[in-house]
Amino acid sequence: QVQLVESGGGSVKAGGSLRLSCAASGYTYSSYCMGWFRQVPGKEREGVAAIDDDGSTNYVDSVKGRFTISQDNAKNIVYLQMNSLKPEDTAMYYCAADPFRAIQALGAHWVLAVFGYWGQGTQVTVSS
């Protein structure tokens, strides 16, 4: 059974940094795309960043240059380093995974892929 567990959320002031972690267990597929999404109550979920198993990455325009997605294959953890945080980054952040290599197949449209596995989310709050 695949499990994704996010951690690292919290409250910071604008300009601050946080590093989110997504620990995966039970994932036996040879390929993957790991994505970070965020959602604010009353708004649609937004894809933030993703990484394929070959290291290809993609970011939504609003976080380019501020967020970095990376992976530690030995620990089965995907990170989202978030710098220069803004109040508009406030959201629940979710980690998702799927065997479909969304970035390789779809490029910037990876957010349209259907991810089969999701974590429970971690809250990020950025105050001005």
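FYI, the numbering just counts along the sequence from 1.
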Could you walk me through whether Ile69 and Tyr59 pass the side-chain contact (heavy atoms from CB on, under 4.5 Å) test, one step at a time? CA-CA 9 Å; Ile69 189 170; Tyr59 301 88; 3.4 Å; yes
Residue pair Ser21, Ile77: steps toward the side-chain contact (heavy atoms from CB on, under 4.5 Å) verdict: CA-CA 7 Å; Ser21 299; Ile77 297 177; 4.1 Å; yes
Quick one, Ser17 with Asn83, criterion side-chain hydrogen bond (donor to acceptor under 3.5 Å, both in side chains). Give me CA distance, side-chain angles, the key distance, then yes/no. CA-CA 4 Å; Ser17 298; Asn83 299 328; 2.9 Å; yes
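The two residues Gly47 and Val60 have their closest heavy-atom pair at O-CB, 3.4 Å. Contact between Ile103 and Ala50 at its shortest, heavy atoms only, is CD1-O, 3.2 Å.
By the 4.5 Å heavy-atom criterion applied to side chains, Tyr27 and Tyr32 are counted as neighbours. Between Met34 and Cys95, some side-chain heavy-atom pair lies under the 4.5 Å cut-off. Counting only heavy atoms from C-beta outward, the side chains of Cys22 and Leu4 approach each other to under 4.5 Å. Counting heavy atoms from C-beta on, the side chains of Val124 and Met82 come closer than 4.5 Å. The closest side-chain heavy-atom distance from Gln120 to Val5 is not below 4.5 Å. Side chains of Ser62 and Lys86 form no contact here, defined as non-hydrogen atoms less than 4.5 Å apart. Here the side chains of Thr90 and Gln123 are in contact, with some heavy-atom distance below 4.5 Å. Inter-residue side-chain proximity for Arg66 and Asp89 is flagged as met; some heavy-atom pair is nearer than 4.5 Å.
Using a 30° and 60° split on the angle between ring planes, Tyr93 and Phe67 fall in the tilted class, from 30° to 60°. Using a 30° and 60° split on the angle between ring planes, Phe37 and Trp118 fall in the tilted class, from 30° to 60°.
Put simply, Val111 and Val78 are part of two different groups of oily side chains (I, L, V, M, F, W, Y) that touch within less than 4.5 Å, one to the next. Hydrophobic cluster membership is shared by Leu18 and Trp36, with clusters built from Ile, Leu, Val, Met, Phe, Trp and Tyr side chains linked at under 4.5 angstrom.
The distance from atom CD1 of Ile51 to atom CG of Leu80, rounded to the nearest 0.5 Å, is 10.5 Å. If you take OG on Ser127 and NZ on Lys13, they are separated by 6.5 Å, rounding to the nearest 0.5 Å. Here the CD-CZ distance, from Glu44 to Arg38, works out to 14.0 Å after rounding to the nearest 0.5 Å.
Geometric assessment of Arg19 against the ring of Tyr79 yields a positive cation-pi assignment under the 6.0 Å and 45° thresholds.
Looking at Thr122, its side chain does come within 3.5 Å of a backbone N or O of Gly9 through a donor-acceptor pair. Ser31 contributes a side-chain N or O that, together with a main-chain N or O of Pro99, makes up a donor-acceptor pair within less than 3.5 Å. Of the possible donor and acceptor atoms, none in the side chain of Asn76 sits under 3.5 Å from a partner among the backbone N and O of Ala23.
The side-chain hydrogen bond (donor to acceptor under 3.5 Å, both in side chains) test with Ser56 singles out one residue from Asn58, Asp53, Asp54, Asp52, and that residue is Asp54. Each of Phe100, Tyr94, Trp110 was scored for a side chain to side chain contact (heavy atoms under 4.5 Å, CB included) with Phe115, with one residue passing: Trp110.
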